[in-house]
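Below, read A as the first sequence line, B as the second, and so on, with proteins coming before strands; counting in each chain starts at 1.
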2 protein chains.
Amino acid sequence: MKQIWHVLDSVHPELVAEVRKRHDVLRYIHLLQPVGRRNLTTHLQLTERTIRTEMESLQELGLISSNNRGMSLTRKGFHILQQLDAYLRDSSDLGSLAAELEERLAIEEVIVVAGDSEQDPLVKKEMGRQAALKLVSLFEHASVVSLTGGTSVASVAELMPSLQEFPDLLFLPARGGLGQKMETQANTLVSMMAEKAGGRYRLLHLPDHLSEASYQSLKKEPQIKEYLNLIAESDIIVHGIGDALNMAEKRQMDDSILQLLQQEKAVGEAFGYYFNQQGDVVYKMPNIGIQLDQVRNASYVLAVAGGASKAKAIAAVAKQQLQQVLVTDQAAAERLLGETRR
Amino acid sequence: MKQIWHVLDSVHPELVAEVRKRHDVLRYIHLLQPVGRRNLTTHLQLTERTIRTEMESLQELGLISSNNRGMSLTRKGFHILQQLDAYLRDSSDLGSLAAELEERLAIEEVIVVAGDSEQDPLVKKEMGRQAALKLVSLFEHASVVSLTGGTSVASVAELMPSLQEFPDLLFLPARGGLGQKMETQANTLVSMMAEKAGGRYRLLHLPDHLSEASYQSLKKEPQIKEYLNLIAESDIIVHGIGDALNMAEKRQMDDSILQLLQQEKAVGEAFGYYFNQQGDVVYKMPNIGIQLDQVRNASYVLAVAGGASKAKAIAAVAKQQLQQVLVTDQAAAERLLGETRR
DNA sequence: ATTATCGGGACACAAAACGTCCCGAACAAG
DNA sequence: CTTGTTCGGGACGTTTTGTGTCCCGATAAT
């Protein structure tokens with residue numbers, strides 16, 4: 001696939017550059033939609049006028065539409081962008097980065113986005129966009145989709161196109177956590193994504209700070225049990241990956257647990273499980289939700305995480321061999337390869 | 001592969017049109033090289049000026065060179081054209097025509113060229129060009145190449161680029177025929193092709209009209225035997241396919257044999273063998289040369305034949321399952337599919 | 001009501017592409 | 001040798017396309 005770009009570049013370099021430019025325009029329109037010309041100029045390094053001519057062409061091709069609020073992708077534009085993404089990815093250096101990661105982490109498909117999501121918020125958006133594009137392509141073969149919280153998954157939900165074509169899809173929070181920020185956020189993301197997909201969803205709100213006793217009895221509630229049954233049948237799971245200590249702090253965990261995590265050298269977190277560098281589970285949060293073995297049963301597990309500081313966490317979680325797809329950024333990818341190369 | 005062209009066409013139709021145009025220019029430069037601007041305008045439907053701008057771009061890209069005699073492809077240009085050909089073929093209707101033929105005739109690779117080689121001499125050239133492009137890509141894994149005569153194979157030799165990179169390649173006439181036009185022509189083609197490839201060659205000139213007795217004793221000559229041993233080791237065989245009765249007439253065969261061919265309903269000819277519609281051998285010319293079983297041993301057998309009138313002949317010869325590659329034209333392909341569909 | 005932002009219209013200007021004609025060099029035919 | 005043809009390339013005015021810049025009414029948020 002890389003070959004064809006080389007040939008096209010050899011026979012007509014200007015036009016390949018044109019396609020790249022047009023792809024960038026489409027990309028940013030999707031990232032920022034609805035967006036206006038002047039707003040785009042600040043992100044792309046193009047003048048207003050050139051963006052305008054691009055816009056007019058794209059409009060004529062039926063890839064974007066524009067109203068008073070700005071420009072947006074049409075359904076066709078979304079579909080084309082999706083494919084163009086895949087083709088252009090192979091032609092860039094990020095393609096080989098991704099291929100190397102696929103081998104190193106033993107993950108089927110790795111998508112690497114340019115930049116550092118910790119520096120540039122647009123990079124996190126781009127990760128979300130790529131994950132969203134991948135996600136919707138999996139929708140038609142699935143019936144249950146479950147999500148975790150986190151800013152990365154949030155960007156996936158944000159960048160999801162409003163297709164409203166999947167009335168039979170059921171969206172669930174992967175864990176009905178114990179009233180903590182991340183878990184309540186998951187509920188928000190579930191409803192947002194379900195609405196965009198046109199599917200159904202079910203939430204699980206639980207009160208804060210339950211005692212161990214009521215936590216145990218809660219598990220036996222018929223309503224909760226039904227939810228747990230549903231979640232076990234997830235076809236697709238979208239989740240973030242956290243740096244262990246950061247996550248523990250955010251969750252305001254007890255000092256005793258913090259000490260345990262430090263002692264066990266926990267580096268990564270996902271689904272409330274904490275992993276050390278070898279990928280072993282060293283701690284599991286007490287929560288209502290999907291179990292690690294159930295994650296393994298899903299046909300597609302999509303992880304979204306970026307930033308150099310998360311490299312170790314990603315490597316640790318990847319050792320569990322849960323994911324089919326990983327969307328990350330250049331910063332994390334390079335750090336990760338730099339470390340595992342030793 | 002067809003998919004990527006659809007995407008590119010959706011996102012930038014001008015680009016695809018431009019690439020097609022540039023490809024056409026390269027193609028015709030190769031067909032007619034060395035050729036001038038004004039000469040090209042008569043074949044392409046472009047004005048002199050546009051050809052000139054194309055020419056300047058291509059020159060800057062190092063794909064063509066020009067001197068006082070006209071423009072020619074550079075080595076790089078040849079290489080790029082070769083790949084561009086393959087990519088663009090898939091995007092056209094001819095691609096699906098070819099795919100259908102591959103299935104129908106059970107041939108690995110079928111290349112269909114637009115037009116009718118019986119109407120437009122350039123179409124025969126284009127067949128030769130395509131065959132030559134394919135051929136040189138096989139050279140590096142081969143050591144012995146043998147050819148038959150015929151206008152189709154002649155066009156292959158004509159359109160062969162002068163690479164002169166294969167000093168170890170040995171070219172042979174597939175049959176050292178009995179002094180007939182087609183067979184002496186094969187000698188010419190062998191030397192021409194060997195010279196362009198920079199390889200060695202060996203010819204086999206035999207006198208006219210030998211008696212059966214001397215023909216048999218000739219076979220035992222050490223020189224002939226050596227030649228027959230060499231030819232049996234052919235890795236690549238390039239041959240044409242003839243309409244049985246036409247061939248018989250051209251060869252001025254005896255009436256008795258003509259009657260035999262008519263009686264047995266011979267329709268196709270290759271290597272001096274005559275085949276009926278079922279693909280059975282109904283007659284074999286008495287000649288010194290490659291045997292059908294030896295053809296089967298070659299790693300690549302490349303047939304070149306076009307024109308609607310040859311459809312039946314191609315179908316008949318294909319039944320022998322000798323060829324890995326068939327280069328033909330649109331006219332033959334459509335007639336052929338029309339007939340076998342019944 | 002005010003402010004900001006949207007797409008789109010307008011227009012001058014720069015750059016690229018095109019049509020057209022000419023020129024000397026190289027080569028083939030006579 | 002001369003003559004005629006064809007080659008690439010230079011030259012130049014015209015057309016087309018793309019770009020920079022400013023303005024406008026509509027619309028939504030404040």
Side-chain angles (χ1 to χ4, degrees), chain A residues 11-74 76-77 122 125 158 162, chain B residues 11-74 76-77 121-122 125 162:
Chain A
V11 83
H12 211 153
E14 299 91 349
L15 289 181
V16 176
E18 275 284 321
V19 169
R20 286 227 163 80
K21 186 167 85 181
R22 197 159 281 197
H23 170 246
D24 269 345
V25 174
L26 279 177
R27 225 159 49 86
Y28 275 82
I29 289 179
H30 187 205
L31 285 178
L32 305 166
Q33 67 182 334
V35 64
R37 290 200 305 261
R38 292 148 243 250
N39 197 348
L40 272 181
T41 56
T42 61
H43 294 284
L44 299 160
Q45 65 284 36
L46 303 171
T47 68
E48 185 193 328
R49 196 58 178 81
T50 57
I51 285 187
R52 190 170 171 179
T53 50
E54 287 297 314
M55 183 194 125
E56 281 161 355
S57 307
L58 291 173
Q59 214 161 2
E60 207 161 327
L61 290 168
L63 303 184
I64 66 173
S65 65
S66 61
N67 53 25
N68 306 322
R69 319 219 1 88
M71 302 177 273
S72 314
L73 289 190
T74 62
K76 185 178 172 189
L122 269 184
K125 276 199 165 193
E158 184 190 348
S162 280
Chain B
V11 82
H12 209 152
E14 297 92 346
L15 158 87
V16 180
E18 276 285 319
V19 169
R20 284 230 166 78
K21 186 167 85 181
R22 197 160 279 197
H23 171 245
D24 269 345
V25 174
L26 280 176
R27 227 160 47 88
Y28 275 83
I29 289 178
H30 187 206
L31 285 179
L32 305 165
Q33 67 182 329
V35 65
R37 289 200 304 260
R38 292 149 245 251
N39 198 346
L40 272 183
T41 56
T42 61
H43 294 284
L44 298 160
Q45 65 285 37
L46 302 171
T47 68
E48 185 193 329
R49 196 58 179 81
T50 58
I51 286 186
R52 188 170 172 178
T53 51
E54 288 297 310
M55 181 195 130
E56 281 161 354
S57 307
L58 290 173
Q59 213 160 3
E60 207 161 325
L61 289 169
L63 302 184
I64 66 173
S65 64
S66 62
N67 53 25
N68 306 322
R69 318 214 10 83
M71 304 177 272
S72 315
L73 289 190
T74 62
K76 185 179 172 189
L122 269 184
K125 276 199 167 194
S162 280

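- Rounding to the nearest 0.5 angstrom, the gap separating the OG atom in Ser57(B) from the CD atom in Glu14(A) is 6.5 Å.
- Contacts of residues 39-52 of chain B with DNA chain C (heavy atom under 4.0 Å): Thr47(B), Arg49(B), Thr50(B).
- For the pair Glu56(B) CD and dG10(D) C1', the interatomic distance rounds to 10 Å; values are reported in whole Å.
- Atom P of nucleotide dT19(D) and atom CE of Met55(A) are separated by 15 Å, given to the nearest angstrom.
- Heavy-atom nearest nucleotides on DNA chain D were determined for Arg37(B) and for Lys21(A), and the one closer to the 5' end corresponds to Arg37(B).
- Comment: Arg52(A) engages Glu56(A) in a salt bridge, judged by a side-chain N to carboxylate O separation of less than 4.0 angstrom.
- Here the P atom of nucleotide dG20(D) and the CD atom of Glu54(A) are 13 Å apart, to the nearest Å.
- In this structure, CG on Leu61(A) lies 10.5 Å from CD on Gln59(A), to the nearest 0.5 angstrom.
- Put simply, the side chain of Thr74(A) gets close to the backbone of Gly62(A): a donor and an acceptor are under 3.5 Å apart.
- Spacing between atom CD of Glu18(B) and atom P of dT17(D) amounts to 13 Å, rounded to whole angstrom units.
- Protein chain A contacts DNA chain C from dC6(C) to dA10(C), reading 5' to 3' and using non-hydrogen atoms of the protein with a distance under 4.0 Å.
- As a whole-Å value, the separation of Arg38(B) CZ from dT5(D) P is 14 Å.
- Checked against Glu54(B) for a salt bridge (charged side-chain N to carboxylate O under 4.0 Å, His left out), the options Arg22(B), Arg49(B), Arg20(B) give a single hit: Arg22(B).
- Taking NE2 of His43(B) as the start and CG of Leu122(B) as the end, the distance is 5.5 Å to the nearest 0.5 Å.
- To the nearest 0.5 angstrom, Gln45(B) atom CD is 9.5 Å from Thr50(B) atom OG1.
- Using a 4.0 Å heavy-atom criterion, one finds that Glu14(B) contacts no nucleic acid atom at all.
- With salt bridges taken as basic N to acidic carboxylate O contacts below 4.0 Å, none links Asp24(A) and Lys21(A).
- Nearest-nucleotide assignment on DNA chain D puts the 5′-proximal partner with Thr53(A), out of Arg69(A) and Thr53(A).
- Here the CD-OG1 distance, from Glu48(A) to Thr53(A), works out to 11.0 Å after rounding to the nearest 0.5 Å.
- Distance CG (Asn68(B)) to C1' (dG10(D)): 15 Å, rounded to an integer number of Å.
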